[in-house]
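Just below is one structure, and these are the notes that go with it.
Just so you know, ligand 1 is whichever comes first in the structure, and atom 1 is the first atom listed for that ligand.
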Amino acid sequence: MVTIGLIGAGKIGSQLARLAVAHGYDVAISNSRGPETLTALVEELGSKARAATVVDAAKAGDIVVVTIPLKHYRTVPVEPLVGKIVIDTNNYYPERDGHIAELDNESTTTSELLQAHLPMSKVVKAFNHIYAAQLTTDGRPAGTKNRRALVIAGNDLAAKTTVTRLLDEFGFDAVDVGPLKEGWRIQRDTPGYGPQRTAEELLKDLATAKRYADQ
Ligand SMILES: NC(=O)c1ccc[n+]([C@@H]2O[C@H](COP(=O)([O-])OP(=O)(O)OC[C@H]3O[C@@H](n4cnc5c(N)ncnc54)[C@H](OP(=O)(O)O)[C@@H]3O)[C@@H](O)[C@H]2O)c1
């Protein structure tokens, strides 16, 4: 049985937990305030879900999702995530996260920051450009005409294959934009960020994306 660990239980974390439980996964979900604050959510999620501390969710997860305000990424525990696939949903909003020089000057990307913090983990960027509410409304079975597609990026091909399979189970096609350093193509204010897109449309959006400095 595969367990999905969630670090973050907000809009995206809770929605991914709902999808995971609905597709037969066990879930260990955590937030910054502690498991006792997640009682209502885990009651709603049912017997396949449990509230955990951040370290416990990281230890329990075969796949772990980091879905917290980006500014807190350095608090993600390193050791329990060694060797694991870590899905990164995070985006950079300076008004929320404060200014991060390497992101302002675009010498790196959000998911590369998390990968640098977790050097022995396999970070895959995913679920960063869909509104949380749409995670449970927009999924369709594989092969459905105009099925919505979501971008993934990552440096480990096998990890991306696993995440592609997960997206497919959750109802979405995956479009692989390449290594993490290409993740800027789906960052805030790029054409593909937010709207519902098929794989074909998303590929065009990725090709026409511009760096902040060129916008
Ligand atoms: N909302 C969207 O539609 C959307 C879409 C795509 C991507 N994203 C991105 O995904 C990330 C999460 O977004 P969200 O909208 O789900 O945020 P959110 O609703 O504000 O929830 C954030 C969650 O992270 C937890 N958290 C904060 N600091 C933490 C820490 N140091 N360790 C563990 N947990 C911590 C919070 O727990 P407490 O409440 O206990 O502090 C809360 O459960 C963000 O980077 C966002 O930009 C959001």
Counting neighbours of [atom1] on [X] that are heavy atoms of other residues, nucleotides or ligands and sit closer than 6.0 Å, is the number greater than 12?
{"X": "Lys71", "atom1": "NZ", "value": "yes"}
{"X": "Glu200", "atom1": "CD", "value": "no"}
{"X": "Tyr212", "atom1": "OH", "value": "yes"}

Which residue and atom name correspond to the protein heavy atom nearest [atom], and how close is it?
{"atom": "atom 33 (C) of ligand 1", "answer": "Val54 CG2, 3.6 Å"}
{"atom": "atom 30 (C) of ligand 1", "answer": "Thr75 OG1, 3.8 Å"}
{"atom": "atom 38 (P) of ligand 1", "answer": "Ser32 OG, 3.3 Å"}
{"atom": "atom 12 (C) of ligand 1", "answer": "Thr67 OG1, 3.3 Å"}
{"atom": "atom 40 (O) of ligand 1", "answer": "Arg33 NE, 2.7 Å"}
{"atom": "atom 19 (O) of ligand 1", "answer": "Lys11 N, 2.9 Å"}
{"atom": "atom 5 (C) of ligand 1", "answer": "Ile130 O, 3.1 Å"}

Please lay out, stage by stage, how Leu70 and Leu103 fare under the test side chain to side chain contact (heavy atoms under 4.5 Å, CB included). CA-CA 11 Å; Leu70 178 73; Leu103 295 178; 3.6 Å; yes
Any luck finding a side-chain donor-acceptor pair between [X] and [Y] under 3.5 Å?
{"X": "Gln15", "Y": "Thr136", "result": "yes"}
{"X": "Thr190", "Y": "Gln187", "result": "no"}
{"X": "Gln196", "Y": "Asp138", "result": "yes"}

Numbering as shown, the atoms of ligand 1 that approach [X] to under 4.0 Å (heavy-atom distance):
{"X": "His72", "value": "28 (N), 31 (N)"}
{"X": "Phe127", "value": "6 (C), 7 (C)"}
{"X": "Ala132", "value": "2 (C), 3 (O)"}
{"X": "Ala9", "value": "23 (C), 42 (C), 43 (O)"}
{"X": "Ile7", "value": "33 (C)"}
{"X": "Tyr131", "value": "3 (O)"}
{"X": "Pro69", "value": "22 (C), 24 (O), 27 (C)"}

Could you tell me how the ring of His23 sits relative to the ring of Phe170: parallel (under 30°), tilted (30 to 60°) or perpendicular (over 60°)? tilted
Please state which part of [X] comes within less than 4.0 Å of ligand 1, counting heavy atoms only: side chain, backbone, both or neither.
{"X": "Thr37", "answer": "neither"}
{"X": "Arg96", "answer": "side chain"}
{"X": "Asn91", "answer": "both"}

Judged on heavy-atom distance to atom 44 (C) of ligand 1, which of Asp97, Thr89, Asn128, Ile68 sits nearest?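 Ranked by closest heavy atom to atom 44 (C) of ligand 1, first place is Ile68.
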Option whose closest heavy atom lies nearest to atom 25 (C) of ligand 1, chosen from Gly8, Gly10, Gly34, Ala133: Gly8
Step by step, work out the side chain to side chain contact (heavy atoms under 4.5 Å, CB included) result for Ile7 and Ser30. CA-CA 5 Å; Ile7 298 177; Ser30 66; 4.1 Å; yes
Report the C-alpha distance between Asp205 and Tyr193 in whole Å, list the side-chain angles of each, state the deciding distance to 0.1 Å, and finish with yes or no for side-chain hydrogen bond (donor to acceptor under 3.5 Å, both in side chains). CA-CA 9 Å; Asp205 288 340; Tyr193 187 81; over 6 Å; no
Answer yes or no: is there a donor N or O on one side and an acceptor on the other, between the side chain of Lys84 and the main chain of Lys59, under 3.5 Å? yes
Less than 3.5 Å between some nitrogen or oxygen of Ile12 and one of ligand 1, yes or no?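 Yes, there is a polar N/O contact under 3.5 Å.
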Between Tyr93 and ligand 1, is there a nitrogen or oxygen pair with a distance under 3.5 Å? no
For side chain to side chain contact (heavy atoms under 4.5 Å, CB included), just list the numbers for Val66 and Tyr73, CA-CA rounded to whole Å, side-chain angles, deciding distance to a tenth of an Å, and then say yes or no. CA-CA 8 Å; Val66 174; Tyr73 81 89; 5.8 Å; no
Glu102 vs Thr108 side-chain heavy atoms within contact, under 4.5 Å: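 Yes - at least one pair of side-chain heavy atoms lies under 4.5 Å apart.
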